[in-house]
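Letters A, B, ... are given to chains in the order of the sequence lines, protein chains preceding strands, and every chain is numbered from 1.
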Amino acid sequence: MNFSILTEVLLNNLLIAQKALSTRTPAPYLQGIKLEVYPKKIVMITSNSDISIKLSIKDESLEVQSTGDILIPGKFFVDIVRKLDSEKIKLSTIENNVLRIEAGNSDVTLNLLNVEDYPELEFVLNDNPIKLDSKVMKSIIRQTTFATSAIENRPILTGVNIRVEGEKLVAIATDSFRLSQKVIDIPKNFENMNVVIPGRSLDELFKILELNLDEILIHLDHKSILFEYGNVLFQSRLLDGNFPETSRLIPVEFPIIIKFNKHDLFEAIDRASLLSQKDGSTSIVKLQLRSDSQVEITSNSPEIGKVIEELFPLEKAIGIPIKIAFSSKYFMDALKTFNSDDVYVKFTGEIRPFVIEGDEDPGLIQLILPVRTE
Amino acid sequence: MNNTTFESLSTYQSHVARILQNSFKYNKLAHAYIFEGPKGTKRFDTAVFFAKALLCSSPDADHNPCGICHNCKRIDHDTHPNVFIVTRDGEQIKKKQMKDLINEFSKASVENGPRVYIIDEAERLNQESANTLLKTMEEPGADIYQIMVTDQINSLLKTIVSRAQVIHFKPIDKDLIQADLLKNKVPTLFAQAIPEYTNNYDEATQISKDQDLLDLITFVKDTFDSFANKSGSAILDFKEKKDTFIKDSTRVDFVLSMMILFQKDVMTYKLRHLDQIIFKDQEDIFKKLSTRMSQKWIEDILDMMLGLKLRLKYNINVQFAFDKLLLTLERGYYYGLSSRTNPI
């Protein structure tokens with residue numbers, strides 16, 4: 001194997017590829033970057049077994065002398081290429097599985113890993129990918145992954161459930177105390193699907209989406225999900241098992257609806273949470289709709305002090321007075337996902353889950369379970 | 001063990017080979033196995049072989065893995081993403097290791113095909129890890145196979161044992177170990193001695209590579225040789241050699257075991273059970289020694305040695321005990337003095 005290419009081109013691709021580079025795995029072969037060199041292109045593959053990235057690099061500056069596959073120790077290679085100051089870089093294998101890196105005045109040799117040990121990663125493309133605006137994809141990730149479970153007792157809840165149902169694509173995440181659901185419209189020519197993607201994979205995808213290309217293609221299959229983004233193929237393993245049925249969790253009718261300014265509500269809860277009772281690690285605040293249609297957000301911990309925040313709903317609240325307690329963190333997490341300035345908080349009862357929605361966020365529902373006090 | 005087949009396995013563990021091969025043949029694989037038996041009975045090797053047989057991309061008609069495809073090679077290198085081998089971390093298998101494992105199996109496989117996890121020394125699962133594992137055993141995933149390797153099946157949770165197929169591994173026949181050692185170019189003397197000391201296949205291989213231990217065998221042989229030929233003084237030689245092993249109780253035990261083997265051979269020769277002699281090549285020594293002393297004396301010495309072997313476990317003065325043993329041997333074999341001595 002022997003080729004040369006612009007250092008910048010190689011580095012830019014390496015920086016994407018290294019996102020899937022494994023750091024703490026017991027398997028040393030996953031700490032490598034696999035390079036496949038073909039006559040007209042090079043392919044770069046990294047994987048930490050949960051996510052796998054494949055980059056096809058075609059560039060005018062690419063000159064291939066000879067082809068071949070190698071497995072390069074990832075971290076060292078990235079660090080070396082990052083620090084090179086010459087415009088072009090030449091890579092070649094010399095005897096005994098050693099890579100030679102020539103760039104300007106630098107001449108580096110690097111011991112390679114055994115390419116035979118690398119897993120046979122299958123990147124599954126299908127003929128009919130779902131095309132999304134990459135901004136939409138980003139917002140789906142931002143609005144759902146935070147609600148996945150951090151505890152691995154029920155592994156399935158650490159993932160985001162993605163469903164294709166007719167003309168809708170639904171993304172749902174829940175840790176069984178809150179639920180976040182985003183529905184977007186898609187054209188109606190896709191097979192129905194129901195998969196669960198690990199939340200962490202989506203967080204990594206989010207970082208790659210910073211490249212700000214226009215669109216992203218989703219190749220969805222029952223066994224795998226692959227995102228095609230420019231020259232990047234990003235594949236994630238799926239979680240095995242059935243995601244809980246959540247459709248019945250979301251109430252249909254809301255007798256009590258209060259409209260707030262998102263910013264004011266956030267600030268009020270944030271302040272109240274300072275002196276709130278700690279239930280384990282979560283802090284509990286109370287929201288009360290008074291009979292005079294004013295809203296009071298309170299927290300009280302007898303040994304420290306008490307906060308009362310008065311809030312004026314933007315419109316006259318609908319429904320009867322109510323008093324409900326919830327985790328301030330969950331509420332603030334949920335509020336952060338909204339683009340709208342105004343949000344509706346909808347209640348069905350004091351010990352029933354409540355829902356937050358916003359005018360400018362169609363398809364987005366944040367559901368939170370209240371906490372029983374007393 | 002790169003080219004194990006069911007056939008080669010059956011020379012060591014015939015019924016294990018039969019059970020496993022039949023499960024493949026009739027497609028009746030259990031999702032969990034316990035490979036149970038004493039150490040050194042090829043349990044772990046068989047587990048890896050099983051994984052290969054499952055994952056090999058071109059097994060032969062008898063379900064033997066080819067050993068040369070990408071899957072087989074990577075299992076040999078321990079780099080296959082579908083094969084997980086859990087070994088103890090410190091003294092125990094920790095809960096975190098089980099959690100990682102469960103986490104891994106909550107996701108779809110990295111490569112298509114079955115997945116295997118092998119837990120070595122499963123008796124080292126602590127209560128917590130065992131319970132964590134149990135949960136997954138209750139709902140085995142599709143195409144996931146589990147093998148637990150243990151020599152103390154009774155210390156596994158009953159609920160785990162009841163969910164797995166138990167396969168018993170028998171101690172390996174001495175002759176097989178000897179044949180294997182000879183095949184690996186271990187000199188005859190050692191190949192004859194080692195299987196008498198241990199029937200643990202792994203330990204035997206290990207000893208055959210430990211030059212210090214091999215030297216000790218040679219030393220014991222030389223000692224008996226010098227008794228037989230009355231050349232030099234065994235006691236003086238012994239004094240020189242002693243320092244190399246006297247501090248290490250397992251080595252002391254090793255030397256004594258070897259001496260017992262030689263003494264036994266003298267006895268066997270005396271009784272003319274020539275086919276039962278272990279060190280056949282040294283028959284000359286036994287011939288000379290056995291004619292010099294009475295059967296009763298030889299038996300007494302053997303008694304003395306076996307007694308000493310037992311007492312080694314207590315705080316006795318090993319040095320004196322060996323001196324006395326050597327002295328008695330030399331007086332007998334050298335000078336024909338068979339005065340009854342007090343036990344050591």
Checklist entry - CG/A/D240 to CD1/B/I144 distance, rounded to the nearest 0.5 angstrom? => result 7.0 Å
Item to check | A/N242 atom CG: more than 12 heavy-atom contacts under 6.0 Å | outcome: no
Item to check | Inter-residue atom distance A/R237.CZ - B/S106.OG, 0.5 Å rounding | outcome: 8.0 Å
Item to check | For chain A, the option from B/H77, B/R74, B/H80, B/K73 that forms the most heavy-atom pairs under 4.5 Å | outcome: B/R74
Checklist entry - Can you tell me if NZ on A/K75 sees more than 12 non-hydrogen neighbours from other groups inside 6.0 Å? => result no
Checklist entry - More than 12 non-hydrogen atoms from neighbouring residues, nucleotides or ligands closer than 6.0 Å to CZ on B/R88, yes or no? => result yes
Item to check | Contact origin within B/S109 toward chain A - heavy atom pairs under 4.5 Å | outcome: backbone
Checklist entry - Which members of residues 146-169 of chain B, sorted by number, sit under 4.5 angstrom from chain A on a heavy-atom basis? => result none
Next on the checklist: Please give me the minimum heavy-atom distance between A/P198 and B/K107, naming the atom from each residue.
Outcome noted: CG-CE, 4.4 Å
Checklist entry - So does A/I94 have more than 12 non-hydrogen atoms from other groups sitting under 6.0 Å from CD1? => result yes
Item to check | Top of A/N114, A/I156, A/L238, A/L121 for chain B proximity - count of heavy-atom pairs under 4.5 angstrom | outcome: A/L238
Item to check | A/E116 portion near chain B, given a 4.5 angstrom heavy-atom threshold | outcome: both
Checklist entry - With a cut-off of 6.0 Å (strictly less than), are more than 12 heavy atoms of other residues, nucleotides or ligands near NZ of B/K99? => result no
Item to check | Portion of B/N112 that has a non-hydrogen atom of chain A nearer than 4.5 angstrom | outcome: side chain
Item to check | B/F24 atom CZ, over 12 foreign heavy atoms within 6.0 Å | outcome: yes
